[in-house]
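As structure tokens, the structure follows; a few thoughts come after it.
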Amino acid sequence: MAAKWYKLPLYNFRRERCYCGAKKGRFDGPMIEFQSVSKVYPNGTVGLKDIQLTIYPGEFVVIVGLSGAGKSTLLRSINRLHEITHGEILIDGKSITAARGKPLRMLRRDIGMIFQNFNLVKRSTVLRNVLSGRVAYHSTLRTLLGLFPREDVELALKALERVNIRDKAFVRADQLSGGQQQRVSIARALAQGAKIILADEPVASLDPLTTKQVMDDLKRINQESGITTMVNLHFVDLAREYATRIIGLRAGQLVFDGPVEAATDEAFAEIYGRPIDKDELLGRNGA
Amino acid sequence: MMTVPSKVATRSKSALTTVILFLLLWGSAVRTHTDLGHLVSGIGNMGDLFAEMVPPHSKYAQKIVNPLVQTLQMAILGTSLGGIVALPFVLLAARNVTRAPWLSWPARIVLNLIRTIPDLLLASIFVAIFGIGAFSGVLSLAVLSFGIISKLWYESAEAIDDGPLEAMTAVGANKLQWIAFGVVPQVLPIFTAHLLYTFEINVRAATILGLVGAGGIGLYLNNTLGLFQYQNTSVIVIAMLMIVFVIDFTSTKLRERLL
Amino acid sequence: MTTQTALQTPVNRYGKWYKVGVLVLLVALYAWAVSGIPFTGIQSTAGEVARSILYGMFHPDWGFVYQPGGEDLLRGLLDTLSIAFLGTSVAAILAVPFAFWSAQNLHKYKTVSGSGKAILSLIRTFPEVVVALLFIKAVGPGSFAGVLALGLHFVGMLGKWFAEAMESIDLGPMEALTASGANRLQALWFAVVPQVMPHFTSLTLYGFEISVRSATILGIIGAGGIGTPLIFALQSRSWSRVGIILLGIIVMVTLIDYLSGFLRKKLV
């Protein structure tokens, strides 16, 4: 059963319809809910300020904003890689803010994360990297002995197949190009069986061509499996091309939240506090 | 698919490594008469010994001031002597200074061979030659430092900037002028740092040379152990720790300032 | 005028007196150091003995290399290697938990790693020979005391090196594992261990090189290995035997250095 989770057409019926302000789903509640979330650093810097936000299943949300606006903090507070100081975050109705120990890890298990620097173990094989996404499903002893069940290995290989690098399964991760490494980390999130994928600047260290491949993979997975996806992006045109909903942050505050059609140049100028700069465009016109 | 290494080959390779490691461990355990029970009881015996060492007999501290001072003096002289003798060898062994392989290679081989002889062994030989006393200790420390410092020095000499050397050649300097104006200013701080580092090693070595009769505090360690005066032993051990700590600390600070 | 003063300032920062001061200090230091070393009582036979040793070195007692019945060179060297190998192996295993304890980047608070590092540095400060002497008192003379002494001393060394290796790793994979719901042990195992393993192996090999040198002298104080026949040969003034033992040690240490260096190069 677990082996075929991604074949299920779950959430697909709602795809692309649930941008901001969407009504509560007919069958499902919100996937991620920010309830007046704030983060103040010990030195007094405000990271996030009173964020009120609801993400529905199957959405492809892109977060934009200047660097330092709190995009990364927002994303990382969802799986509590960063702690918030006020408010509460609910994942599929369960509070991750209050969770400790095993319940926290179970919540994290449902959230895949993709990093700018891939965060793969470079000396391990691709397969082992993907399998490492499965550790939260098994006992510590079993994982330390490397005794992953057969289904897990198949799941991992299928996940690699979905991002077109199955033939690299037994290659060491550092033998791969940047784009391939990022696809391994997408496969890791897939094998994890995540309901949510968080991608923190997933293409910032990639060239334009691989950028497109990686973004396409993310989009395809979002559409095929209905995995709720939240992506931090620096490039405005990429955001417009892939998002169903765009969220704008400025100085830790939510300054824009709307469907991609509403994200006009003026809206971006508002988010950035100035007109869009050239290096905020990837420069591929309607690729 | 070409790049996929055979899983079987990797597995059997690591299995072979494990088997060899275990065989080596087992063989070593047999040779040294070690087994797990022995290990546990050994640690227990050590605990008993420690119990007998406390409290340290504080009055004994006065008696070891002199040998402690002598330990330091031996280290100072040994390091300096070793450094002085090392200098010409270093210039020979550094390939960017001596551009003649038939000179630098033999110099290197001599240095490498000398470095293989451990401190206590040197001391035993010098004691056999010159008799018991700190003089033998100084000489063994000198040879020890010579081995350590010459390698550190010629390696850092080889890492220097070629520009000034070329400049000296260009102005028509002879070999000695070339070294004095091109090499020395560049290596002086790092050489001093290495000298201090060698001094640290020498202080540690000097504390134990007395075990074979080459002067310093080590002799007293052996004596108190032989006479079962364990409370005096602990005083000596503490003194050794203190002197090594103090020297390491000051020398590290000085080296940080130099570099 | 102005350029000249600007140029002179750095040179004159310490002045001539500074140099003179340092010189006086150095002279005083050496005078003090020399005063502590007795130059009397040097054996009158020194020259003769030195010549005999040199003679022995060049006319080694080849018969000692292998003797079917007893304590010969090869067996002494084998014992030495065994002591070093076992001591280093035990130390490498014990050093791992210490390394996790003292690696600064794995802990929130500096006091945790600081305390681990302090313990390691305390262990390291004891010269292995002193440790060996204490162990000889505790468990009796022989190779076993040597193993224990080297084992303990190298926990201090390897623990420090391991911790430093761990401090240089990429913590990103650890974050990724945590994000996927792994517990701390799983995150360490999957993200940290694969990264540090080659470093640990290489450092252990390097430690083995050093411990072989240490093990050659342990026998001098009675802790087994080639040092024991050496000290007997020195005391009985059989210089050709001293010669062959020295030769054996030099060859063994050089070989081990070469072999370990080769293996370490392959690892990286």
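Everything numeric in this text was worked out from a predicted model, so none of it was measured.
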Point to revise | Proximity breakdown for B:T233 and chain C, heavy-atom pairs closer than 4.5 Å | key: side chain

Point to revise | Portion of B:I129 that has a non-hydrogen atom of chain C nearer than 4.5 angstrom | key: both

Check your understanding: Is the backbone of B:I132 close enough, under 3.5 Å, to the side chain of B:S136 for a donor and an acceptor to pair up by distance?
Key -> no

**Study point:** Contact origin within B:F126 toward chain C - heavy atom pairs under 4.5 Å
**Key:** neither

Point to revise | chain B contacts, top residue of C:V139, C:L133, C:L81 (heavy-atom pairs, under 4.5 Å) | key: C:L133

**Study point:** Residue among C:S121, C:S214, C:S82 with most heavy-atom pairs under 4.5 Å to chain B
**Key:** C:S82

Review point. Hey, what's the ring geometry for C:Y206 with C:W161, parallel, tilted or perpendicular (30° and 60° as the breaks)?
Key: tilted

Point to revise | chain B interface, residue from C:D257, C:I217, C:I221, C:L152 that has the most non-hydrogen pairs under 4.5 Å | key: C:I217

Point to revise | Portion of B:V237 that has a non-hydrogen atom of chain C nearer than 4.5 angstrom | key: side chain

**Study point:** Exam field: side chain C:S202 to backbone C:P198, donor-acceptor pair closer than 3.5 Å
**Key:** no

Review point. Would you call the rings of C:Y55 and C:H59 parallel, tilted or perpendicular if under 30° counts as parallel and over 60° as perpendicular?
Key: parallel

Practice item. Sort C:P127 into side chain, backbone, both or neither according to what part of it lies under 4.5 angstrom from a heavy atom of chain B. Key: side chain

**Study point:** Region of B:L120 in contact with chain C, defined by heavy-atom distances below 4.5 Å
**Key:** both

Check your understanding: Taking the side chain from C:K137 and the backbone from B:L49, do they hold a donor-acceptor pair closer than 3.5 Å?
Key -> no

Exercise for review: Please list, in residue-number order, every residue in residues 243-252 of chain C that has a heavy atom less than 4.5 Å from any heavy atom of chain B; write 'none' if there are none.
Suggested key: C:L246, C:I249, C:I250

Study note, to complete from the structure: Highest number of heavy-atom pairs under 4.5 Å with chain C among B:N112, B:I208, B:N66, B:V244 belongs to B:I208

Point to revise | chain B interface, residue from C:V212, C:T45, C:V34, C:I231 that has the most non-hydrogen pairs under 4.5 Å | key: C:V34

Review point. Do side-chain atoms of B:S251 reach the backbone of B:D248 as a donor and acceptor pair under 3.5 angstrom?
Key: no

Check your understanding: Pick from C:F135, C:W32, C:Y30: which one has the most heavy-atom pairs with chain B under 4.5 Å?
Key -> C:W32

Review point. Is there a donor-acceptor pair closer than 3.5 Å between any side-chain N or O of C:E128 and the backbone N or O of C:A149?
Key: no

**Study point:** Side chain, backbone, both or neither of B:M46 within contact of chain C (heavy atoms, under 4.5 Å)
**Key:** both

Point to revise | Heavy-atom check, side chain of C:R237 versus side chain of C:V49, under 4.5 Å | key: yes

Check your understanding: Can any side-chain N or O of C:R213 pair as donor or acceptor with the backbone N or O of B:P118 at less than 3.5 Å?
Key -> no

Exercise for review: Would you check, one step at a time, whether the test side-chain contact (heavy atoms from CB on, under 4.5 Å) holds for C:W239 with C:I53?
Suggested key: CA-CA 5 Å; C:W239 303 119; C:I53 289 182; 3.4 Å; yes

Review point. Is it true that the side chains of C:D79 and C:S143 contain a donor and an acceptor less than 3.5 Å apart?
Key: no

Review point. So which part of B:L211 gets closer than 4.5 Å to some heavy atom of chain C, the side chain, the backbone, both or neither?
Key: side chain

Practice item. Below 4.5 Å from any heavy atom of chain B, which atoms of C:I83 appear? Answer side chain, backbone, both or neither. Key: both

